[in-house]
Number of protein chains: 2
Amino acid sequence: MNKVTPRTLPGFMELLPQDQILFNNMYDRIRKVYERFGFLPIDTPTIELSEVLLAKAGGETEKQIYRFNKGDSDLSLRFDLTVPLARYVAEHYNDLIFPFKRYQMSKVFRGERPQKGRFREFYQCDIDVIGQEALDLMFDAEIPTVIYNVFQELNIGKFTIRINNRKILNGFFESLNLINEASDILRVIDKIDKIGSREVAQELLDFGIAEESVDKIMNFISINGNNDEIITSLKDLNIDNEQFNHGIYEINEVINGMRDFSVPEDYFKIDLTIARGLDYYTGTVYETILDEYPRLGSICSGGRYENLTAYYTDEKLPGIGISIGLTRLFSQLKEIELIENSKRSLTQVLVIPFDRKDMNYTLNIASSIRNAGINTDVYYQNKGMKQKMKYADRLDIPYVILVGENEILENKATLKNMLTGEQDLLSIEEIVERLTK
Amino acid sequence: MNKVTPRTLPGFMELLPQDQILFNNMYDRIRKVYERFGFLPIDTPTIELSEVLLAKAGGETEKQIYRFNKGDSDLSLRFDLTVPLARYVAEHYNDLIFPFKRYQMSKVFRGERPQKGRFREFYQCDIDVIGQEALDLMFDAEIPTVIYNVFQELNIGKFTIRINNRKILNGFFESLNLINEASDILRVIDKIDKIGSREVAQELLDFGIAEESVDKIMNFISINGNNDEIITSLKDLNIDNEQFNHGIYEINEVINGMRDFSVPEDYFKIDLTIARGLDYYTGTVYETILDEYPRLGSICSGGRYENLTAYYTDEKLPGIGISIGLTRLFSQLKEIELIENSKRSLTQVLVIPFDRKDMNYTLNIASSIRNAGINTDVYYQNKGMKQKMKYADRLDIPYVILVGENEILENKATLKNMLTGEQDLLSIEEIVERLTK
């Protein structure tokens, strides 16, 4: 028979089981924290009508979409979880309870040019809160608090949640009469970590911004200090612009909210240079940086939007949300060896009968242990003891139980610790006790 | 702005959060049992190369596939988890430990005509074991044992796992010189529950089967009794066919193995009429029926195959597996109201401040309770108390904690049971104790 070479597409992550266990462990811990804060699960279809999914899209996004026809239908694979959320909220509006706090942790698809650390199919782990007409500013503090708890839970080292407010940026550029140039200016500012402030100033001048305005911009983005100092400096600018000052009020509320949530002060910081590319953010925006690995970029980003469902409904449904790109994060953390490697086996114990005829006793032991909530595998294959032990060893199973004539006679079994090599003849009750402690 | 009607495609299940919680609960419990038996997780890509995914497919399956081009690539969405498993095992052969026990619980895609109870995008929850060269018959007993434990865990009422062996069927038809007609005969036999045995016999005659053979077939499929009686009756047929007799040996081993696993005898039954359509099954086959709802058909099916990876590799990798179609099962169980409805909220308690100024105290309470592992939501919106309580009520959150001036003064909070209406002023420690007991 002609063989087809078994292979996956570039840009599609596939893991061996022991890495999959680590990945799932991260997934489960993120989910646990999301649920700990009262977020509800939803699971939207992978395939949607292009008309619905692309109501808003355009430009770069649209080019990346996996779009195809089936029968008469023009279909697309979801490219994020935010547009499906907007559709979901608009469609199920009358059946939802607001504020609607939802999480979704699913694969999304973007057919971009594959490159290191970029995936065409990847998990996003999103939380969003959608309000009716209004959504309390406390949610702007809750969202980064959840993220603080997630990354503490994942134990991936020191990180900083950077916070800004689009109203501050928009108000500031309004006050300079540069609101139309704002997104271009922000794009230049965004390069400051790479090219330095002198070069940024030059590019802004080259762009045609008046020297006086460039000075003000450079002065604005150089504001620094602790969170309270930044807010004081912003107020001291004495800019007479309603949006700007409302932005200062909001960011102050968010900062104080996070303090009420007991998030340690060194885990969040106002950063006036972040804006987030997406044009729908209207208030608070977030990015998250691993302090030791800034070159990884933001590992978790989001913000507040006023008009997410505008393409589907006239209801005013403001929202705020944040997203962890888990596939990318996992691959990055693996590369810098920041993933806890201790739990590469879900199975706690492998029961090995010396001989086929010991099977009934072996299975009874396995059942007793499973009934105590312990993940238990049994070795059935007709192989030598060396092979049987190798199976446990290669799968990182921490314990082995050996069953032979002697064990059966004594109504016990031999428990062996695979790490230390220690082994003891024990009753089932004693084995369960050892394995659950 | 022109609005797009927010809608999903027919045949794509989407749930409201409270049903999603029930669905996820089933998903998690299935996963827990799979892991309890030592199965390892994998997560293959949703999109694969058509050349790889369709190496074997043809006919009806191929027509249902979502297939499309992106750039130069001919791509398909996976239509089951078995072909990706075959590809995975062949591709990662040198990195896997055999016997390779894996579970995968993911969405698959089939663009069939949508009809009641049929889905185009649905979850399959599969376990398979792949051996090198040989795979012990104990796995044929373990697989249905896992399924027995899954359905016990799901608490969906009495069910029966029906077991047959293709070698018995093939050997039997060989002995009648009807091996080429076997699949047609089996298709007729499959209708016996609907049309009765008289009609089945007539159809077989119409099909051109000799009367003597039809009698033997009808005699064969009418064999009944308990498992041991059926095996005795099969032996009593005294058919001189090696395959047939090996099939009897195998099914006897499987039955005895399940007894060793302590599966109660009334939960599994030899059924000589089941064959499973897929042509790759070569030994044990399974179907699972809810005793009270036979019209739902098989809710969990599978079997043993010798040649799954033949399209990708020359290695001989026999396997055995079974699959639960969870999306369909969930929708069926919901319809017959067999889903445990008790846990429609993941959130155990909603903390409600009377007033904005109570927020700091409120958040401290929420943090303390969350730290005790309790899923806790907080109400922030500026609404009346009636609205706040309604949020908890509509989300089926079982407890509410009220925080006002009085509570803050006493350094306590009021815990209210939403079901009974009881409420008590308690310390945080007392609240945690009540909620965790």
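Chain letters run A, B, ... following the sequence lines, proteins first, then strands; residues in each count from 1.
Evaluation of the side-chain hydrogen bond (donor to acceptor under 3.5 Å, both in side chains) rule for Lys32(B) yields Glu153(B) as partners, not counting sequence neighbours. Legend: residues meeting ring pair (Phe, Tyr, Trp, His ring centres under 6.0 Å) with Phe119(A), ordered by chain and number and at least two apart, are absent.
Among Asn364(A), Leu135(A), Asn382(A), the residue with the largest count of heavy-atom pairs under 4.5 Å with chain B is Leu135(A). Contact count against chain B (heavy-atom pairs under 4.5 Å) is highest for Asn360(A) among Leu77(A), Asn360(A), Asp95(A). Comparing Tyr93(B), Tyr123(B), Phe39(B) by how many heavy-atom pairs each has under 4.5 Å with chain A, the most go to Tyr123(B). The candidate from Val349(B), Thr5(B), Thr362(B), Leu49(B) with the greatest count of non-hydrogen atom pairs under 4.5 Å with chain A is Leu49(B). Most heavy-atom pairs under 4.5 Å with chain A: of the set Met359(B), Gln387(B), Gln381(B), this distinction falls to Gln381(B). Of the listed residues (Asn149(B), Asn24(B), Thr313(B), Thr347(B)), the greatest number of heavy-atom pairs within a distance under 4.5 Å of chain A belongs to Thr313(B). If you tally non-hydrogen atom pairs under 4.5 Å between each of Gly373(B), Gly71(B), Pro84(B), Ala366(B) and chain A, the highest count goes to Gly373(B). In terms of heavy-atom pairs under 4.5 angstrom with chain A, the leader among Thr46(B), Thr8(B), Thr44(B) is Thr46(B).
Counted within 6.0 Å of NZ on Lys357(A), heavy atoms from surrounding residues, nucleotides or ligands total more than 12; the atom is thus considered enclosed. More than 12 heavy atoms of other shown residues, nucleotides or ligands fall within 6.0 angstrom of atom NZ in Lys70(B).
Atom CE of Met258(B) is separated from atom CG of Leu363(A) by 12.0 Å, given to the nearest 0.5 angstrom. Within the model, atoms CD1 of Ile42(B) and CG of Leu16(A) stand 10.0 Å from one another, a figure rounded to the nearest 0.5 Å.
The contact between Glu35(A) and chain B is made by backbone and side chain atoms together, counting heavy-atom distances below 4.5 Å. Contact of Leu40(A) with chain B is made through the side chain alone, with heavy-atom distances under 4.5 Å. Both the backbone and the side chain of Ile47(A) come within less than 4.5 Å of a heavy atom in chain B. Interface remark: Leu346(A) contributes side-chain atoms only to the contact with chain B (heavy atom separation under 4.5 Å). Only the side chain of Phe109(A) comes within contact range of chain B, with heavy atoms under 4.5 Å apart. Residue Lys101(A) touches chain B through its side chain alone, counting heavy-atom pairs closer than 4.5 Å. In this structure, the portion of Ser262(B) lying under 4.5 Å from any heavy atom of chain A is its side chain and not its backbone. With a 4.5 Å cut-off on non-hydrogen atoms, Phe98(B) touches chain A through its backbone but not through its side chain. Using a 4.5 Å cut-off between heavy atoms, Leu350(B) does not touch chain A at all. Ile397(A) does not touch chain B: none of its heavy atoms, backbone or side chain, sits under 4.5 Å away. Contacts of Thr309(B) with chain A are absent, with no heavy-atom separation under 4.5 Å from either backbone or side chain. Heavy atoms closer than 4.5 Å to chain B are found in the side chain of Ser367(A), but not in its backbone. Proximity to chain A (any heavy atom under 4.5 Å) is shown, for Glu48(B), by both the backbone and the side chain. Looking at Tyr361(B), there are no atoms closer than 4.5 Å to chain A (heavy atoms on both sides), in backbone or side chain.
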Test Tyr34(A) against Asn375(B) for side chain to side chain donor-acceptor pair (under 3.5 Å), laying out the working first. CA-CA 9 Å; Tyr34(A) 286 175; Asn375(B) 291 346; over 6 Å; no

Apply side chain to side chain contact (heavy atoms under 4.5 Å, CB included) to residues Ile97(B) and Tyr391(A) and explain how you reach the verdict. CA-CA 7 Å; Ile97(B) 295 111; Tyr391(A) 175 88; 3.6 Å; yes

Report the C-alpha separation of Glu14(B) and His92(A) in whole Å, then their side-chain angles, then the decisive distance to 0.1 Å, and conclude whether the side chain to side chain contact (heavy atoms under 4.5 Å, CB included) test is met. CA-CA 10 Å; Glu14(B) 179 168 88; His92(A) 303 294; 2.7 Å; yes

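Of the possible donor and acceptor atoms, none in the side chain of Glu142(B) sits under 3.5 Å from a partner among the backbone N and O of Val378(A). Checked by atom type and distance alone, the side chain of Arg87(A) never pairs as donor or acceptor with a backbone atom of Pro6(B) at under 3.5 Å.
In this structure, Asp377(A) and Gly38(B) approach most closely via the heavy-atom pair OD2-O, 4.0 Å.
A salt bridge links Glu51(B) with Arg7(A); the closest basic N to acidic carboxylate O contact falls under 4.0 Å. Classification of Asp136(B) and Arg356(A) as a salt-bridged pair holds, one side-chain N sitting under 4.0 Å from a carboxylate O. Note on Arg31(B) versus Asp28(A): salt bridge recorded, some NZ/NE/NH1/NH2 to OD/OE distance being below 4.0 Å.
Using a 30° and 60° split on the angle between ring planes, Phe68(B) and Phe68(A) fall in the parallel class, below 30°.
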